[in-house]
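Read through the structure below, which is laid out as structure tokens, and then see the notes.
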Amino acid sequence: MPFKPVSSKTNFPELERDILRWWKETDAFNKLRKLRAGGKTWSFVDGPITANNPMGVHHAWGRTYKDIFQRYRAMQGFDERWQNGFDCQGLWVEVNVEKDLGFKSKRDIEAYGLAPFVVLCKQRVLNYSAVQTEQSVRLGYWMDWNDTNTLRMLSEKLGENPNQMLTVQGPQGPVTGTVEQIVGQLGLPQLGGSYYTFSDENNYQIWGFIKKCADNGWLYKGTDVMPWCARCGTGVSEHEISTEDYPDLTHTSITARFPLRGRANEYLLVWTTTPWTLTSNVAVAVGPELTYVKVKQGDDVYYLSEGTVKMLKGAYEILGRLKGAEMEGWTYNGPFDELPAQQTVGGYAPAELRNHIGNAQTSAVQAHRVILWKDVGDAEGTGLVHIAPGCGAEDFHLGKEFGLPVVAPIDENGTFIENFSAFSGMSAFEVAPKVIESLTQKNYLYRADDYSHRYPTCWRCKTELLFRLVDEWFISMGETYDKPRAQLKQAEKARSLRYQIMDVVDQIKWVPQFGYDREMDWLRLMHDWMISKKRYWGLALPIWECVECGHFNVIGSRDELQARAVEGWNKFDGHTPHRPFIDEVKIKCEKCGGKVTRIKDVGNPWLDAGIVTMSTMGYRTDRAYWEKWYPADFITESFPGQFRNWFYSVLAMGTAVTGQPPFKALMGYGTLFAEDGRPMHKSLGNAIEFNEAADNIGADVMRWMFARTRYETNMLFGYHVADETRRMFLLPLWNVYSFFVTYANLDKWTPDRRPPTADRNQLDRWILARLQSLIAEMTPLLDGYDSPSAARAVEPFIDDLSNWYLRRSRRRFWKSEDDGDKQAAYATLYEVLVTLTKLLAPFIPFVAEAMYQNLVRSVDANAPESVHHTNWPSVDEAKFDKQLLADMAIARSVVNLGHSIRAAKAIKVRQPLGRAIVVADAAQRESLTHLRDLAADELNVHAVEYAAREEELVSYQLRPNFATLNEKVKVLVPEPETDDKQIKKDAREKRKAVMGGLTTALNAADASQVAATVRAGSSFTLDVNGLAIEIAPADVLVTPQPKPGFAVASEGTLVVALDTNLTAELVAEGLAREFVRRVQDLRKSANYDIADHIRVFYTATPKLASAIETWREYISGETLADEMQASAAPAGAASVEDGFDGEKLTVALVKK
RNA sequence: AGCCCGCUAGCUCAACGGUUAGAGCGCCGCUCUUAUAAGGCGUCGGUUCCGGGUUCGAAUCCCGGGCGGGCUACCA
């Protein structure tokens, strides 16, 4: 047996585990790398996955694309880097470690100790990178994976003692160092494997980038009021907050009344949704152009904007109107003037921020007044805006503009600092009731209501953000110029990184196209990049800020740091550049010579991910290697968030450092949802874990689902879709393969028996032509990163192969004589299947490998060892017979029409008919001529003929082709060049009459005659409302209409009729086929092998018995019956009784 | 709040301003089959989101509105 038997029922997940084992045993991946080494390069850069949790099915989506395109390029002979990446540093890891330890705040971390805390962060990353590595391998994702035992060993030893010495084997030899040092080198050339963004190289490379920014004058320390997470104790930059982080939340909104100084019983009505900020009120803003009203309620007089009077409680009387500008400078008593902080001259803030609140000469209490602000609206509230420069971003900027003091009430935990009396020590989240109570007591409260609005939350821990005064580090994105980009001068661009990135973005292919617009949108609007985080685990920002002179020293490399170190180098040396050890190093200030300490902040994690196109390709260490692989040819990641995150940081850093695009093409994909259209959530019960999906669905089915989905839209993932995918795609493919192996083994067919293509029949040449068209279609699609279109091209091919080629060819494989035709059938099906394994290898690597091993390797030891080592198929023009493809399309239409007539007339296919009559144009006749026998057989008719007198079968319907006639009518009835309504109306009427007249005139014409004229390619003249219009063949649509009462069906210009006259001979033939059918059913239900010969016993009513006698030879041939007797069966025979067409039958079989 | 995309059969989606708005899936009926939980044929299924307009002619173009998704901004 040349091939290993293949069951039509197979367990795909089990098959995949077998293949995984075999890939490992044969080292298939590394052999591929060696095969392609030195070839032309194709550079893929992996966007790092956060190694913080097991990977989900949504990760498998993107990783499927990454694998598809890397495998595809490898099959085209390209050399690749095959490096996966893990994102390691940052708050997401810290938060999980805190959770594991049960920590509540940053103080807990400091008490625990930074050094052991950082070790735990590293360990978590190592452990989950091992988990994700194993899951990726299970997906069939080929990369230069680390040995996961080594990763877990490193994690364990790091936990024991990071300073113990260790030697591990690298690709270029053994590497020795402390465990901490070894871990710091993961992914670098000496150790290989996935890159880790916590590696020394990655960190020092970012130092170089930040130094470059500082040299360009782009790095600055800024004071601002920014969103702050009180739980994490750090500022949150706008890069990090996305639309989903603004849920609808309900807070208490307060309308307070501020008594005007010098106007007895008159009050400003001021509205806020953040009660805690009232403690820090400094001013009230009004819109200068807005209209305000002075209203009276009881003894009190209020000011508010005219558009908001509906918020007043109860009856009121309008005393007057005024513009906001008229209120400028009015002074008032603030709601919390009794607080010492309010009374402090120059404002008030936490100690570490005192230097950052400016130098106002008054206290908040003294400063209380009405200021003008053009952005004040009156859609809600009162049209008078409470201004607290220490608690709001806009407020802060207004404060600067107007020289107002700043009152900043909370510390990094969101707790009120001292000098806020009873509020001191309270959390900003819990003071609202106390604020209301105090206002009520002082008679300042006008109303308090529940108010629902969108409010920002922390993207990591979902805590509500507070607006807080901070000092953070920024990279300036440069000015936004108020003119089109094309008009910018070179010098203007040189000053603005923003525009330099835009120029780079222009050079990149964005798939889908709208990605370009979104990135541009972000670049146009983005603010400066806040790169600092007041946390512990992450990039140590290389900024040493001098407390003496205020100068900040930026260090660009480890060597530079060593050269400038004046203290603590020995405590740091031998460690990775992380806290706490890096903080030991003090340097000499380059300006004043003072001893300087590093700022405490760590870096934004998108710095870590953004630098990888340089750090992983040896930008600093091996420039030749970097030149070879930079820029990347391709990256692909999920859209949400990445325009402001990874795409952005890679672009920004690539542009700043090299001025070149960091990648040439980007493919983005959407968001994965559960089958019910909702996000996957454990609590909703619709989540599917990756491991569970791999076990139940199998990786190949999952991959095909990902490959064929429209990447630019969201995807619905679930077991029903998966099941349908297996049923509609993978099973038919597998069954064709199983069919081939079963019969090829029976016939002991081997691939060396291949008749020349020219000697094969039409069906063979057709499926081979179809195969060429598939290759021709898929290749450019994959070149353009269009995975769904490429995958969707395969599906109809599988259908053609299974339900047309194979169904029509089956008999050729069964027949007993081993002739050239049978060889042709085997050779053809074999070629198609082997080519398919290659075309499908990037998509479904397991099934493709299983088929390839059995079909190719089992018979040819010289063939490439794995399907993934083979070359991508190219089109064989000699086999690409386009005429044959067109011919078959016509033949299949004829067959479809014939089947449809049979159904309509209730004549089953098993009943042979005399002839099918076809009405067709010349080209269709030409096509059909070659395939008449095939059509006749499929339709079960004795002959396919062409109609002698078409008029007997069809009448013709004529319709004008408006698409072409439109132009002619425009010339005959031109659009008048006048404004005269009457003339225009007349023209319109006339055109309408002509257009309508065309239909009328054609209906009146002799349809048969016009049809004949048009078919002959001649024109004729039609009189339409007195206009003589020349009608070309293209101007008229001729549709044949089957005449009622005949067995006729039509599709476009093709018409098929069936001769339904049933002669006695035809009836007998039909009965014989019914008999065969019963015997075959019986063979199957008795579990006979397809090759078993049998003896048949039967009793039948006379008409049937006579038919059986007449067709004895045919029946014997079809059923492998060596004997056929009209007698009772011997005991034990398989038998069945049945009745059909008015006849009765008992039939029994015995295996011979 | 602004912008972008979408809204067509139960579901997923087609249809250069052109004629009778089509496929696939699902349902149901019939049928074919010694590879197939398969295949073939057919029935049922439509206010093309709503309302105006332009046009001889609108699912398609324009205006207004509704719903869904996305992006961006976030404000008292």
Side-chain angles (χ1 to χ4, degrees), chain A residues 8-9 238 241-243 246 253 270-274 277 284-285 373 375-377 379-388 392-395 453-456 514 517-518 521-522 524-525 639-640 643-644 670-671 710 712-714 716 723-724 727-728 731-732 734-743 795 799 802-804 806-807 810 813-814 895-904 906-910 938 940 957 959-966 969 973 988-999 1037 1039 1049 1077 1079-1084 1088-1092 1118-1120:
Chain A
S8 63
K9 295 187 171 43
E238 61 158 2
I241 309 178
S242 69
T243 314
Y246 274 89
S253 74
V270 176
W271 182 69
T272 181
T273 57
T274 47
T277 64
V284 169
W373 180 25
D375 288 346
V376 174
E380 53 191 352
T382 61
L384 289 97
V385 179
H386 147 65
I387 299 295
E394 285 297 343
D395 307 48
H453 60 155
R454 299 189 59 208
Y455 193 83
F514 66 72
D517 302 319
R518 289 206 193 158
D521 213 33
W522 168 246
R524 256 190 305 278
L525 298 167
F639 271 146
F643 292 103
R644 54 173 68 201
T671 308
R710 294 278 162 211
E712 70 272 31
T713 55
N714 295 336
L716 304 186
D723 200 51
E724 189 171 315
R727 234 173 22 139
M728 305 300 292
L731 279 180
W734 189 262
N735 282 320
V736 174
Y737 162 62
S738 155
F739 175 94
F740 170 82
V741 168
T742 304
Y743 285 93
E795 292 177 355
D799 187 63
S802 171
N803 293 322
W804 189 247
L806 191 56
R807 191 164 64 77
R810 264 190 309 225
F813 295 94
W814 308 332
V895 166
N896 286 347
L897 290 170
H899 279 148
S900 137
I901 299 165
R902 278 184 176 273
I907 306 167
K908 53 195 173 185
V909 181
R910 224 174 282 132
E938 176 69 17
N940 198 15
Q957 191 197 22
R959 281 169 305 157
N961 182 3
F962 289 115
T964 58
L965 287 165
N966 186 25
V969 173
V973 189
R988 204 182 308 147
E989 291 297 332
K990 189 166 181 192
R991 202 156 42 232
K992 186 171 188 169
V994 173
M995 285 300 213
L998 280 164
T999 307
L1037 302 170
T1039 316
R1077 177 73 214 287
V1079 175
Q1080 304 289 35
D1081 273 355
L1082 199 50
R1083 283 185 64 113
K1084 196 171 185 179
Y1088 286 10
D1089 194 83
I1090 46 175
D1092 287 340
E1118 288 293 305
T1119 59
L1120 299 182

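Protein chains get the first letters and strands the later ones, always in sequence-line order, with residue 1 at the start of each. All heavy atoms count here, side chains included; hydrogens, waters and symmetry mates do not.
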Does [X] reach the side chain of [Y], with side-chain heavy atoms less than 4.5 Å apart?
X	Y	answer
A:L1037	A:Q957	no
A:F962	A:T999	yes
A:R1083	A:D1092	yes
A:V385	A:E394	no
A:Q1080	A:T1119	yes
A:E938	A:W804	yes

- Message: Assess the residue pair A:R524 and A:D521 against the criterion (salt bridge (Lys or Arg N to Asp or Glu O under 4.0 Å)); give the C-alpha distance rounded to whole Å, side-chain angles, the decisive distance to 0.1 Å, and a yes or no.
- Response: CA-CA 5 Å; A:R524 256 190 305 278; A:D521 213 33; 3.5 Å; yes

- Residue whose closest nucleotide on RNA chain B lies nearer the 5' end, A:M995 versus A:L731: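 So the residue in question is A:L731.
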
- Could you say whether A:A993 or A:R727 is positioned toward the 5' end of RNA chain B, judged by the nucleotide with the nearest heavy atom to each? A:R727

Considering only the [atom1] atoms, how many Å lie between [N] and [M], rounded to the nearest integer?
N	M	atom1	value
B:rC16	B:rG22	P	14 Å
B:rG70	B:rG51	P	28 Å
B:rU8	B:rU60	C1'	11 Å
B:rG66	B:rU47	C1'	16 Å
B:rA14	B:rC75	C1'	45 Å
B:rC50	B:rC56	C1'	26 Å
B:rG17	B:rC3	C1'	27 Å
B:rA15	B:rC4	C1'	23 Å

What's [X] touching, base or sugar-phosphate or nothing? Going by heavy atoms closer than 4.0 Å.
X	value
A:R959	base
A:R1077	base
A:S802	base
A:V736	base
A:T272	sugar-phosphate
A:D1081	nothing
A:P456	nothing
A:D395	nothing
A:V376	base
A:Y1088	nothing
A:W804	nothing
A:L1037	base
A:E795	nothing
A:L384	nothing

Per [X] side chain, nearest of listed nucleotides [options]:
X	options	result
A:R810	B:rA35, B:rC56, B:rA76	B:rA35
A:N803	B:rC41, B:rC32, B:rA38	B:rA38
A:A963	B:rA35, B:rC16, B:rU34	B:rC16
A:Y246	B:rC56, B:rC41, B:rC74	B:rC74
A:R518	B:rU31, B:rC71, B:rC56	B:rC71
A:S900	B:rC41, B:rU34, B:rG18	B:rC41
A:D521	B:rA35, B:rU31, B:rU72	B:rU72
A:M728	B:rC25, B:rU36, B:rA73	B:rC25
A:R454	B:rG39, B:rC71, B:rC74	B:rC74

- Is it true that atom NZ of A:K908 has more than 12 heavy atoms of other residues, nucleotides or ligands lying nearer than 6.0 Å? yes

- Reading RNA chain B 5' to 3', what string of ( ), [ ], | and . shows its pairs, if Watson-Crick and G-U wobble pairs count only when both distances fall under 3.5 Å? (((((((..((((....[...))))..((((.......))))......(((((..]....))))))))))))....

- With a centroid cutoff of 5.5 Å and a plane-angle limit of 30°, would you call A:F962 stacked on B:rG18?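 Given the distance and angle limits, yes, they stack.
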
- Between atom NZ in A:K908 and atom P in B:rC32, what is the gap in whole Å?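 Going from A:K908 (NZ) to B:rC32 (P), I get 7 Å.
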
- d(CD, A:E380; C1', B:rA76) in whole Å: 8 Å

N/O (side chain, [X]) to phosphate O (OP1/OP2, [N]) under 4.0 Å:
X	N	value
A:N966	B:rG57	no
A:R910	B:rC32	yes
A:R644	B:rA73	yes
A:T273	B:rA76	yes
A:H453	B:rA76	yes

- Query: Parallel under 30°, tilted from 30 to 60°, perpendicular over 60°: which one fits the rings of A:F643 and A:F639?
  - Reply: parallel

- What is the ring orientation for A:F813 with A:F739, classed by angle as parallel under 30°, tilted 30 to 60°, or perpendicular over 60°?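 Answer is perpendicular, since the angle exceeds 60°.
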
- Got a donor-acceptor pair under 3.5 Å from the side chain of A:T277 to the base of B:rA76?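 Counting by modelled atom types and ignoring angles, no donor-acceptor contact under 3.5 Å is found here.
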
- Message: Give me the atom names and distance for the closest heavy-atom approach of A:G383 to A:V376.
- Response: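 Looks like O-CG1, 3.4 Å.
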
